[in-house]
Asker: 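Below is one structure. I have some questions about it.
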2 protein chains.
Amino acid sequence: MSESAPRRRSRASAGLPPITAEKIIDAAVELTAERGLDGWSIRQIATKLDVWPGVVAHHVGDREAVVMAVTDQVIGRIPVPDPDVPWRDWFSSLTFDGRAVLKQYPGVARRLVVVGPNVPSALPTIDTGIKVLLLAGFGDHATEIYRYLLNSAFMLVAVEDDRDSFFPSARADMGRTMAAFAADPTRPGLAAAGAQAVARSEDAEAQDLAFFRLTVERSLDGAEALLKG
Amino acid sequence: MSESAPRRRSRASAGLPPITAEKIIDAAVELTAERGLDGWSIRQIATKLDVWPGVVAHHVGDREAVVMAVTDQVIGRIPVPDPDVPWRDWFSSLTFDGRAVLKQYPGVARRLVVVGPNVPSALPTIDTGIKVLLLAGFGDHATEIYRYLLNSAFMLVAVEDDRDSFFPSARADMGRTMAAFAADPTRPGLAAAGAQAVARSEDAEAQDLAFFRLTVERSLDGAEALLKG
DNA sequence: ACCTGAACACCGTTCAAGT
DNA sequence: ACCTGAACACCGTTCAAGT
């Protein structure tokens with residue numbers, strides 16, 4: 001009974017390459033693509049790399065540090081549009097391309113909006129975007145309008161992520177709830193919404209994209225009103 | 001040594017009033033005001049009511065059910081503005097009053113935006129709001145513009161909550177990051193933002209409120225552009 | 001029906017000990 | 001310096017047993 005479990009040899013003595021912060025973050029990015037930013041645990045990253053959980057803390061830091069590193073990686077994949085296009089086109093490109101990237105990594109949009117310029121990879125975009133607004137004549141409002149336009153678009157992606165992840169039945173439930181009011185004359189507002197819910201037959205992603213388009217267009221118009229006023 | 005721990009008498013045999021779903025939800029609402037919707041555990045609710053954790057599941061359901069009940073309660077406290085005021089005033093009242101309520105219960109704004117009409121207490125507001133937009137002449141766009149205007153305002157409250165809760169240093173960090181670029185001629189966009197960050201001396205809540213006001217005003221203008229177009 | 005009390009399968013973090 | 005291996009203080013959920 002004196003035989004203890006055979007002690008696993010260390011990675012070094014087994015000839016395995018050492019774990020690095022980069023490998024840990026890559027694994028975390030992969031897991032984020034598969035299950036979202038709130039869908040993995042430190043222990044799952046460790047298992048994936050065949051090390052003990054403490055190793056993650058040793059190389060990267062606590063969970064928050066890993067999440068920030070993933071966020072930085074993903075934001076870096078969003079292309080920065082050419083600064084020479086008109087400001088409306090610049091923001092349309094950024095937000096539509098950005099949405100395409102962010103939807104591959106659920107949960108990152110929420111972080112992008114919250115941490116903003118604290119993520120190094122976001123700085124080139126911010127610099128170019130504000131410059132584009134200055135050239136368009138927004139003057140002192142350029143900074144806050146930049147923030148407004150980015151928020152409008154990417155907060156909506158964050159909401160789409162949330163709906164899919166922690167409340168997958170929300171879309172169907174909402175549709176049913178609204179449709180139930182389609183013929184209720186005592187509640188004209190809900191009846192109007194219900195009638196549209198009944199009529200709508202597109203698939204979910206097409207509806208999301210249409211509302212995203214509306215949101216970006218309305219926000220651009222809202223900014224433009226300031227320019228004219 | 002044969003004396004086991006004295007078995008606690010049941011609530012009934014001790015003459016205590018029975019636990020109800022209502023009491024559990026009230027406790028959860030209180031904890032949400034103190035620590036936010038993600039700041040409490042089922043076990044903390046149980047401790048607060050002096051019962052075992054399983055009791056919460058028995059009366060209300062799983063954690064998600066408790067969260068939805070809290071969300072419903074809080075949304076019910078947002079006053080519905082008088083439907084006879086002009087549409088812009090109606091939405092200004094709703095979003096400013098709504099923000100005041102939601103900021104007392106961090107984390108609820110996020111849920112409000114995600115679950116929308118699935119929360120019963122939100123239905124009167126939705127009905128009135130869409131009706132107001134129909135009367136203003138938005139026609140077929142009334143439903144989606146309602147959603148757009150509510151999202152714009154309350155998604156921003158959700159972001160404010162997130163910043164305060166899971167990243168309290170974000171505001172200070174951002175200010176410092178931007179200020180560092182104030183005199184960088186190679187990055188004109190960041191320099192402009194940095195100069196403003198340096199100049200700004202208001203307290204945090206005043207800045208948040210100002211940006212909230214801007215967001216609501218821009219979104220209302222964005223909606224109005226559709227009316228004119 | 002309601003509640004106790006324990007068990008189960010997870011978490012993130014920390015840290016002494018080994019290599 | 002890097003990693004093992006375990007310990008610690010938590011989670012949410014489930015459920016047999018008592019009253």
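Within every chain, numbering begins at 1; the chains are lettered A, B, ... in the order of the sequence lines, protein sequences first and strands thereafter. Values below: all heavy atoms of this structure, side chains included; hydrogens, waters and symmetry mates excluded.
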Asker: Are the side chain of B:D184 and the backbone N or O of B:A191 linked by a donor-acceptor pair below 3.5 Å?
Answerer: no
Asker: Using atom types as modelled, flag every donor-acceptor pair under 3.5 Å from a side chain in residues 203-215 of chain B to any protein atom, sequence neighbours excluded.
Answerer:
unit_1: B:D203; atom_1: OD2; unit_2: B:E205; atom_2: N; d: 3.3
unit_1: B:E205; atom_1: OE1; unit_2: B:R99; atom_2: NH2; d: 3.4
unit_1: B:E205; atom_1: OE2; unit_2: B:R99; atom_2: NH1; d: 3.2
unit_1: B:E205; atom_1: OE2; unit_2: B:R99; atom_2: NH2; d: 3.4
unit_1: B:Q207; atom_1: NE2; unit_2: B:E202; atom_2: O; d: 3.2
unit_1: B:D208; atom_1: OD1; unit_2: B:R163; atom_2: NH2; d: 3.1
unit_1: B:D208; atom_1: OD1; unit_2: B:R171; atom_2: NH1; d: 2.9
unit_1: B:D208; atom_1: OD2; unit_2: B:R171; atom_2: NH1; d: 3.0
unit_1: B:T215; atom_1: OG1; unit_2: B:F211; atom_2: O; d: 2.9

Asker: Indicate whether OP1 or OP2 belonging to C:dC3 is found under 4.0 Å from a side-chain N or O atom of B:W52.
Answerer: no
Asker: Measuring to OP1 and OP2 of D:dC3, would you say a side-chain N or O of A:H59 lies under 4.0 angstrom away?
Answerer: yes
Asker: Quickly work out the A:L49 CG to D:dC3 P distance and round it to whole Å.
Answerer: 10 Å
Asker: Output one letter per nucleotide in nucleotides 8-14 of chain C: B when a protein non-hydrogen atom lies under 4.0 Å from the base, S when only the sugar-phosphate is that close, - when neither is.
Answerer: ---BBBB
Asker: Rounding to an integer number of Å, can you tell me how far A:H58 NE2 sits from D:dC2 C1'?
Answerer: 6 Å
Asker: Could you grab the distance from atom CG of A:L37 to atom OH of A:Y105, nearest 0.5 Å is fine?
Answerer: 12.0 Å
Asker: Looking at A:V114, is its backbone amide N or carbonyl O close enough to the side chain of B:D162 to form a donor-acceptor pair, meaning the two atoms are under 3.5 Å apart?
Answerer: no
Asker: Return the stems involving DNA chain D, sorted by first number, where pairs are Watson-Crick (N1-N3 with N6-O4 or O6-N4) or G-U wobble (N1-O2 and O6-N3), both under 3.5 Å, and runs are 3 or more long.
Answerer: C:4-8 with D:12-16, C:12-16 with D:4-8
Asker: Donor-acceptor pair, distance only, cut-off 3.5 Å: does the side chain of B:R11 make one with the backbone of B:P17?
Answerer: yes
Asker: Please confirm whether A:R43 makes a cation-pi placement over A:W52, using NZ or CZ under 6.0 Å from the six-membered ring centre and within 45° of the ring normal.
Answerer: no
Asker: Take B:V55 and B:S13, find for each the nucleotide of DNA chain D with the closest heavy atom, and name the residue whose nucleotide sits nearer the 5' end.
Answerer: B:V55
Asker: State whether the number of non-hydrogen atoms from other residues, nucleotides or ligands found under 6.0 Å of A:E22 atom CD is greater than 12.
Answerer: no
Asker: Without swapping roles, check the side chain of B:T128 against the backbone of B:T125 for a donor-acceptor pair under 3.5 Å.
Answerer: no
Asker: Measure the distance from CD1 on B:I24 to C1' on C:dC2 and round it to the nearest whole Å.
Answerer: 11 Å
